[in-house]
Amino acid sequence: MTDELTVGVLGAGIMGAAMAGNLVRAGHAVRVWNRSPDKAAATGATVADTPADAVRDADVIITMLYDGATVRDVIGRAAPALRPGAAWLQTTTVGLADTAGLAEVAAEHRVAFYDAPVLGTRQPAEAGQLTVLAAGPQTGRERLTAVFDAIAARVVWLGEDGARGDGTRLKLVANSWVLTVTHGAVEMLALAGALGVDPDRFFAVIEGGPLDMGYLHAKTDLVRQGRLSPASFAVETAEKDARLIVAAGEDHGVRLDVLAAGAERFRRAAAQGHGDEDMAASYHASFVP
């Protein structure tokens, strides 16, 4: 077994809680801080009263929070206890400007910064089967191996400069596809219902062809079977990510009209009371009031 690490986890939402639980089961000393202490306690880790308590003397810090502003706030509260030489895995999906700013905070406190967003939702997170899109210094990566072994099936290294945000860049591109396919799948379902078409006829037509995919069935099944809760990827989080992607495109001269419309669909679904449900609840934004 690998030597035990002390890991401070900031955030115990869907993803952070799963990551912390897997680290505990792997035998590491894990301290978790979350705004709701009950969620932190459910991980089996030691519950920290403050962000500083979670990261004090930690070998590795993981941030899995809502957005860049939240990460900056929480890491700012943890900063006095950061140990110089520790490694910070920043796994929250944030914007490119956020990534650069957070890397500056890490440098100020002599912490090795790794831009490390993840691909995967609740089920792969709980199974320790995430894909990590990582960028950060080569020196020191070996100590991260035990952490990655606990939380991920695959680590894709994208460079040595975490501040450049190569992991975040790839995550935004990947999520642009995920969100677009989700909207397309549930819009198809809404249209089929409105036109009196059995969706199974559509699935039979595309079966085995290039238009068929497991993700299409997974998302439409959630709607058809009324299994939108608990969410694998919540509507409110999906809206946040969609707006990050649209902003990144604009900053680089690309108009993402489909993603912009998709963000609005998520907003409407959340306004209808579906914000905590799986992003397939975009389905409910299909109907004219």
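Quick note: residue numbers are just sequence positions, from 1.
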Start with the C-alpha gap between V147 and H28, add the side-chain angles, then the distance that decides, and say whether side-chain contact (heavy atoms from CB on, under 4.5 Å) holds.
CA-CA 9 Å; V147 172; H28 300 293; 5.6 Å; no
Rounded to the nearest 0.5 Å, how far apart are [atom1] of [X] and [atom2] of [Y]?
{"X": "L89", "Y": "L10", "atom1": "CG", "atom2": "CG", "result": "11.5 Å"}
{"X": "E239", "Y": "R267", "atom1": "CD", "atom2": "CZ", "result": "7.5 Å"}
{"X": "M188", "Y": "I206", "atom1": "CE", "atom2": "CD1", "result": "7.0 Å"}
{"X": "D149", "Y": "N22", "atom1": "CG", "atom2": "CG", "result": "11.5 Å"}
{"X": "D198", "Y": "F203", "atom1": "CG", "atom2": "CZ", "result": "9.5 Å"}

Go through the steps for V9 and W33 under the test side-chain contact (heavy atoms from CB on, under 4.5 Å), then give the verdict.
CA-CA 6 Å; V9 179; W33 174 86; over 6 Å; no
With sequence neighbours left out, what residues match E160 under salt bridge (Lys or Arg N to Asp or Glu O under 4.0 Å)?
none
In chain order, what residues pass the salt bridge (Lys or Arg N to Asp or Glu O under 4.0 Å) check against E126, with sequence neighbours excluded?
R122
Any pair counted as side-chain hydrogen bond (donor to acceptor under 3.5 Å, both in side chains), so long as it reaches residues 68-97, sequence neighbours left out:
R35-D73, D59-R83, T63-W88, T63-Q90, D67-T70, Q90-T92, T93-K171
Contacts satisfying side-chain hydrogen bond (donor to acceptor under 3.5 Å, both in side chains) that involve residues 271-280 (not counting sequence neighbours) are K219-D278, H274-E277
pair H217-D212: side-chain heavy atoms closer than 4.5 Å:
yes
Test side-chain contact (heavy atoms from CB on, under 4.5 Å) on W157 and R141; report intermediate values, then the result.
CA-CA 10 Å; W157 284 104; R141 287 184 188 178; 3.3 Å; yes
What pairs of residues pass the ring-ring contact (aromatic ring centres under 6.0 Å, His included) test when at least one of them lies in residues 229-248, not counting sequence neighbours?
none
Using distance alone, with no hydrogens and no angle criterion, decide if R265 and S282 have a side-chain donor and acceptor under 3.5 Å apart.
yes
Residue list, side chain to side chain contact (heavy atoms under 4.5 Å, CB included) with L158, at least two apart or on another chain:
L133, V156, D166, L170
